[in-house]
Amino acid sequence: MGDMTAFHDEISGWAAGGSGDTARDLATSLELRTAVLLEGPSDLAAVETLAARRGRDLAAEGVCVVSMGGAMNVARYASLLGPPGLGLRLTGLCDAREQPYYDRGLRRADASPEDVFVCTADLEDELVRTLGPPTVEEIIRVEGDLRPWQTFLHQPAQHGRPRHQQLRRFLGTKKGRKIRYGTLLVEALDPTRPPAPLDDLLGSL
């Protein structure tokens, strides 16, 4: 785990313009074969949580899961981790509206966009739909967020919106909430029946 954390740090530094020498050495020592490109930390939390629930150690399998800090960074990360850089197989998970960034970024890196799995809106929406709004609302209650949730529902912009859309929006209204609930919602899933994009991603690794 320590070496993988160091690898993530080195990749972030390399993407920011630093040297990639240490990242190359760590990739070799870790025997990496695949990089999973994710938009942000909430997606990373969901992927790693589901993998763990299925008894998988992605790092031990040679898979690094990378939070890129936004889909617009995919071209840079694909060039560093894919064929032009470390030569890893590239895959990923993205929102439908961000798919064009992935398509262009992976093609520029001589990688296949077909290895990226797409959520209809975003991963939170997929999780809410899979679990159902009543289950998600119960998780919110157990987590002590019932009052903020009820306050949120009284906002004029939320009146008349479908419940799953309200829940999806609520999860993104406070810093850190999407990351926390990315883990909690996956923990509440039947691990054999997650949302299709998440299931397909893990099945491809």
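Hydrophobic clustering (ILVMFWY, side-chain heavy atoms < 4.5 Å, transitive): Val142 and Leu153 are in distinct clusters. Both Leu30 and Leu80 are part of a single hydrophobic cluster, where members link through side-chain heavy atoms under 4.5 Å apart. By the criterion of side-chain heavy atoms lying less than 4.5 angstrom apart, applied directly or through intervening Ile, Leu, Val, Met, Phe, Trp or Tyr residues, Leu90 is grouped together with Met72 in one hydrophobic cluster. Cluster annotation: Val116 is not connected to Leu202 through the hydrophobic network of ILVMFWY side chains, with a link wherever side-chain heavy atoms come within less than 4.5 Å.
Tyr77 is linked by a ring-ring contact (aromatic ring centres under 6.0 Å, His included) to nothing, counting only residues two or more places apart in sequence or in another chain. Contacts of His8 classified as side-chain contact (heavy atoms from CB on, under 4.5 Å), with partners at least two apart in sequence or in another chain: Met4, Cys64, Val66. Partners of Asp125 according to the salt bridge (charged side-chain N to carboxylate O under 4.0 Å, His left out) rule, which considers only residues two or more places apart in sequence or in another chain, are Arg129.
Using a 4.5 Å heavy-atom threshold, the side chains of Arg161 and Leu167 count as separate. With a 4.5 Å cut-off on side-chain heavy atoms, Leu50 and Leu198 count as touching. Residues Leu88 and Thr34 are not in side-chain contact: their nearest non-hydrogen atoms beyond the backbone lie 4.5 Å or more apart. Looking only at side-chain heavy atoms (C-beta outward), Pro162 and Arg168 stay at 4.5 Å or farther from each other. Counting only heavy atoms from C-beta outward, the side chains of Leu32 and Val63 never approach each other to under 4.5 Å. Residues Gln165 and Gln158 fail the side-chain proximity criterion, which asks for heavy atoms closer than 4.5 Å. Put simply, the side chain of Arg24 does not reach to within 4.5 Å of the side chain of Ser19, judged on heavy atoms. Taking 4.5 Å as the limit, every side-chain heavy atom of Val65 sits out of range of all side-chain heavy atoms of Asp43.
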* Check the pair Arg180, Glu143 against side chain to side chain contact (heavy atoms under 4.5 Å, CB included), reporting the backbone distance first and the verdict last. => CA-CA 10 Å; Arg180 180 160 62 98; Glu143 288 300 303; 3.0 Å; yes
* Go through Thr183 and Ile179 one step at a time and tell me if the side chain to side chain contact (heavy atoms under 4.5 Å, CB included) criterion holds. => CA-CA 7 Å; Thr183 298; Ile179 302 172; 5.6 Å; no
* Evaluation steps, side chain to side chain contact (heavy atoms under 4.5 Å, CB included), between Val186 and Leu127 -> CA-CA 7 Å; Val186 172; Leu127 290 168; 4.0 Å; yes
* Criterion salt bridge (charged side-chain N to carboxylate O under 4.0 Å, His left out) on Glu137 and Arg163, from CA distance to verdict -> CA-CA 10 Å; Glu137 289 188 80; Arg163 197 56 135 204; 3.3 Å; yes
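Note that the CG atom of Leu146 and the CD1 atom of Ile139 stand 13.5 Å from one another [nearest 0.5 Å]. A distance of 4.5 Å separates CG in Leu189 from CG in Leu131, rounded to the nearest 0.5 Å. If you take CZ on Phe7 and OG on Ser12, they are separated by 10.0 Å, rounding to the nearest 0.5 Å. The CD atom of Gln150 sits 11.5 Å away from the CZ atom of Arg141 when rounded to the nearest 0.5 Å. Atom CD1 of Ile11 and atom CG of Leu86 lie 5.0 Å apart (nearest 0.5 Å). The distance from the CG atom of Leu123 to the CG atom of Leu38 is 9.0 Å, given to the nearest 0.5 Å.
Side chain of Ser29 to main chain of Leu26: a donor-acceptor pair is present (N/O by atom type, distance under 3.5 Å, no hydrogens or angles). In this structure, Asp57 contributes its side chain and Ala60 its backbone to a donor-acceptor pair below 3.5 Å. Thr91 contributes a side-chain N or O that, together with a main-chain N or O of Asp115, makes up a donor-acceptor pair within less than 3.5 Å.
Checked by atom type, the side-chain pair Thr173/Arg177 shows a donor-acceptor distance below 3.5 Å.
Minimum interatomic distance between Ser204 and Phe117 (heavy atoms only, all atoms of both residues): OG-CE1, 3.6 Å. Shortest non-hydrogen contact noted between Cys119 and Glu126 is CA-OE2, 3.4 Å. Considering every non-hydrogen atom in both Leu205 and Leu201, the closest pair reads CG-O, 3.3 Å. Counting all heavy atoms, side chain and backbone alike, Ser67 lies closest to Pro41 at OG-N, 3.2 Å. Among all heavy-atom pairs drawn from Ala78 and Pro84, the shortest one is O-CD, 4.2 Å.
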Considering only distance and modelled atom types, tabulate donor-acceptor pairs under 3.5 Å from the side chains of residues 92-114, sequence neighbours left out.
{"unit_1": "Tyr102", "atom_1": "OH", "unit_2": "Leu37", "atom_2": "O", "d": "3.1"}
{"unit_1": "Tyr102", "atom_1": "OH", "unit_2": "Leu93", "atom_2": "O", "d": "3.4"}
{"unit_1": "Ser112", "atom_1": "OG", "unit_2": "Glu114", "atom_2": "N", "d": "3.1"}

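Residue pairs meeting the ring pair (Phe, Tyr, Trp, His ring centres under 6.0 Å) criterion with at least one member in residues 153-196, sequence neighbours excluded: Trp149-Phe170, Phe152-Phe170. Sorted by first and then second residue, the side chain to side chain donor-acceptor pair (under 3.5 Å) pairs with a member in residues 190-203 read Arg54-Asp199, Asp190-Thr192; sequence neighbours excluded.
A salt bridge does not link Glu187 with Arg53: every distance from a Lys NZ or Arg NE/NH1/NH2 to an Asp or Glu carboxylate oxygen is 4.0 Å or more.
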